[in-house]
Amino acid sequence: MANILIIDDEKSIRKTLSEILSYEGYKIEEAADGIEGFKMFQAKTYDAVLCDIKMPKMDGLEFLEKAKEVNADVPIIMVSGHGNIDTAVDAVKKGAYDYISKPPDLNRLLITLRNALDKTTLVTETKTLRRKVHKVPEMIGQSAPIIKIKETIDKVAPTDARVLITGDNGAGKELVARWLHERSNRASGPLVEVNCAAIPSELIESELFGHEKGSFTSAVKQRIGKFEQANGGTLFLDEIGDMSLSAQAKVLRALQEGKITRVGGDKEISVDVRVVAATNKDLLQEVEAKNFRLDLYHRLSVILIHVPSLNDRKEDIPLLVDSFLESVCSEYGIPKKGIDKDAMKALQQHNWTGNIRELRNVVERLVILSGKTISAEDVNDFVVPNRERKKVSS
């Protein structure tokens, strides 16, 4: 049931509108002037507002301006018997959903209100969808290494300090980077991710810094690079140990001077970017092998965060399995499956070379292939490779 606020200094108008809309199934609240209406609007969330323009103390247009500052998503329909086309245009410019003259045409009023409520529903659904799409997954675990990582993120995220995240593939380095951005003062800005290992060395500079039209054979138009795209936000350089030395030199300059130059261009472009990097390699060994610049390593590693492999925090496996069971079963539209103690024990004894990523895939496999409750036999049949298979005693 939609909750509608009617603001009008004429009691007869309020009563008429209230009776009509109540009959249509709406829940109605009334205010006798703009000040009373604004106090009610501040104290409670309404689905729509019908507001008179000519009122004592605070007129409708003043209410409209103040209400939009409190909650811009609530549609406000202006109603007046003294208005003209200029008043209507002024109201709409200031954010009114629509303008209706007194005495209101009943059909038009109901259609306008229904459309306004449809807009409210659409805005709410869109915001909910965006939160779901952009929501950063929780960092699950109560082991000492995970607690330390969470504490470090809380301390470091609000700063602009550069962070180097190390750890094996699939351990969760990307999740740490996302939480660093989410908890930072740049959270409203973009988080731009670049997988340096997935981009050919001859294209990495164009990917990071952009290029001008005609700078090379396939450069048919200007391209904005990831540094510019991340301006005001965070740039996450994943697998930075695979970056070419020439690109490393340009990244170092960008970090030192806060400026980049597009490939084929000569104009310096200022960028305000926080860089978070990650690698599964030992960068100091890469420095010794002359594959990575020592000065860039020191620029990137103001803060070091190491993400442990799953084998180093097996006490977190029950929490992770429970979370994955819930998300996987939800995706498949089935009730959450249980898992018995022996099955969980078998999962904790498994050698997780693929880390969190492998565990998630295994849980999905077990959800698909097992019965209502995942058993130790299911783990033995569907998880452990034949060459390593050992019967788990019940």
Side-chain angles (χ1 to χ4, degrees), residues 136-153 164-180 193 195 197-198 236 238-242 277-283 285 304-332 336-371 373-394:
V136 180
E138 289 296 323
M139 195 173 296
I140 299 167
Q142 293 298 325
S143 61
I146 294 302
I147 290 174
K148 183 179 179 181
I149 289 174
K150 290 178 181 178
E151 290 174 348
T152 302
I153 289 173
L164 178 62
I165 307 167
T166 60
D168 295 336
N169 285 334
K173 300 188 295 296
E174 180 181 343
L175 183 58
V176 173
R178 286 178 173 271
W179 272 111
L180 283 166
E193 302 178 32
N195 187 329
F236 175 45
D238 198 9
E239 305 301 350
I240 196 167
D242 293 280
T279 182
N280 63 352
K281 295 183 176 182
D282 185 330
L283 288 188
Q285 286 186 3
L304 287 167
I305 296 179
H306 179 71
V307 182
S309 66
L310 187 55
N311 287 333
D312 292 332
R313 58 179 188 110
K314 287 191 173 181
E315 61 266 45
D316 289 332
I317 287 178
L319 291 172
L320 289 162
V321 169
D322 184 71
S323 175
F324 291 151
L325 279 173
E326 187 168 343
S327 62
V328 170
C329 290
S330 176
E331 288 173 12
Y332 283 97
K336 182 181 176 183
K337 292 192 175 185
I339 181 167
D340 66 34
K341 292 182 180 179
D342 290 331
M344 188 67 77
K345 183 179 178 182
L347 290 176
Q348 287 183 286
Q349 292 174 345
H350 183 65
N351 179 27
W352 295 100
T353 55
N355 292 295
I356 307 294
R357 193 176 297 145
E358 181 188 2
L359 177 61
R360 207 275 184 193
N361 291 342
V362 161
V363 170
E364 183 171 5
R365 188 186 313 153
L366 289 170
V367 165
I368 294 170
L369 299 176
S370 69
T373 300
I374 298 169
S375 66
E377 186 177 355
D378 292 327
V379 175
N380 188 69
D381 289 343
F382 306 131
V383 178
V384 183
N386 289 331
R387 63 181 180 276
E388 298 177 7
R389 184 165 295 170
K390 297 178 182 178
K391 285 290 181 181
V392 181
S393 57
S394 301

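Both backbone and side-chain heavy atoms feed into the values below; hydrogens, waters and symmetry mates do not.
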Item to check | Side chain proximity check, Glu193 to Asp238, heavy atoms < 4.5 angstrom | outcome: no
Item to check | Glu326 CD: over 12 foreign heavy atoms closer than 6.0 Å | outcome: no
Item to check | Lys173 NZ to Leu164 CG distance, which is reported to the nearest 0.5 Å | outcome: 10.5 Å
Next on the checklist: With a 3.5 Å distance limit and no angle check, can you tell me whether Glu364 reaches the backbone of Val328 through a side-chain donor-acceptor pair?
Outcome noted: no
Checklist outcome for this item: One should read off an interatomic distance between Thr373 OG1 and Lys337 NZ, to the nearest 0.5 angstrom, of 9.0 Å
Checklist outcome for this item: Value for CD (Glu239) from CG (Asn280), rounded to nearest 0.5 Å, stands at 4.0 Å
Solution key, residues 305-312 side-chain donor-acceptor pairs under 3.5 Å, sequence neighbours excluded:
unit_1 : atom_1 : unit_2 : atom_2 : d
His306 : ND1    : Thr166 : OG1    : 3.0
Ser309 : OG     : Asp312 : OD2    : 3.1
Asn311 : OD1    : Trp352 : N      : 2.9
Asn311 : ND2    : Asn351 : OD1    : 2.8

Checklist entry - Is it true that a side-chain atom of Asp378 and a backbone atom of Ser375 form a donor plus acceptor pair closer than 3.5 Å? => result yes
Checklist entry - Considering only heavy atoms from C-beta outward, does the side chain of Ile165 approach that of Leu180 to under 4.5 Å? => result yes
Item to check | Minimum side-chain heavy-atom gap Phe324-Ile356 below 4.5 Å | outcome: yes
Checklist entry - Looking only at heavy atoms, which two atoms of Met344 and Pro318 are closest? And how far apart? => result SD-CA, 3.6 Å
Next on the checklist: List the residues meeting salt bridge (charged side-chain N to carboxylate O under 4.0 Å, His left out) with Glu174, not counting sequence neighbours, and say none if there are none.
Outcome noted: Arg178
Next on the checklist: Just verifying a value: how many Å separate Asn355 CG and Asp168 CG, rounded to the nearest 0.5 Å?
Outcome noted: 5.5 Å
Checklist entry - Is there side-chain contact between Lys150 and Trp179, with at least one heavy-atom pair below 4.5 Å? => result no
Checklist outcome for this item: Between Leu283 and Gly241 the two heavy atoms that sit nearest each other are CD2-CA, 3.8 Å
Item to check | Pairwise distance NZ(Lys314) to CD(Gln349) - rounded to 0.5 angstrom | outcome: 8.0 Å
Item to check | Shortest non-hydrogen separation from Gln142 to Ile147 and the atoms involved | outcome: O-CD1, 3.4 Å
Item to check | Heavy-atom check, side chain of Ile374 versus side chain of Leu325, under 4.5 Å | outcome: yes
Item to check | Closest contact, heavy atoms only, Ala171 versus Arg313 | outcome: O-NH2, 4.4 Å
Next on the checklist: Let me confirm one number: the CD-CD1 distance from Glu151 to Ile146, rounded to the nearest 0.5 Å.
Outcome noted: 11.5 Å
Checklist entry - Are any non-hydrogen side-chain atoms of Asp242 and Lys281 less than 4.5 angstrom apart? => result yes
Item to check | Donor-acceptor contact below 3.5 Å, side chain Ser323 vs main chain Leu320 | outcome: no
Checklist entry - Is the count of non-hydrogen atoms from other residues, nucleotides or ligands lying under 6.0 Å from Lys336 atom NZ greater than 12? => result yes
Checklist entry - So do the side chains of Met139 and Ile153 get within less than 4.5 Å of each other, counting heavy atoms only? => result yes
Item to check | Shortest non-hydrogen contact between Phe236 and Ala277, atoms and distance | outcome: CE1-C, 4.2 Å
Checklist entry - With distance as the sole test, does Arg365 use its side chain to make a donor-acceptor pair with the main-chain N or O of Phe382 at under 3.5 Å? => result yes
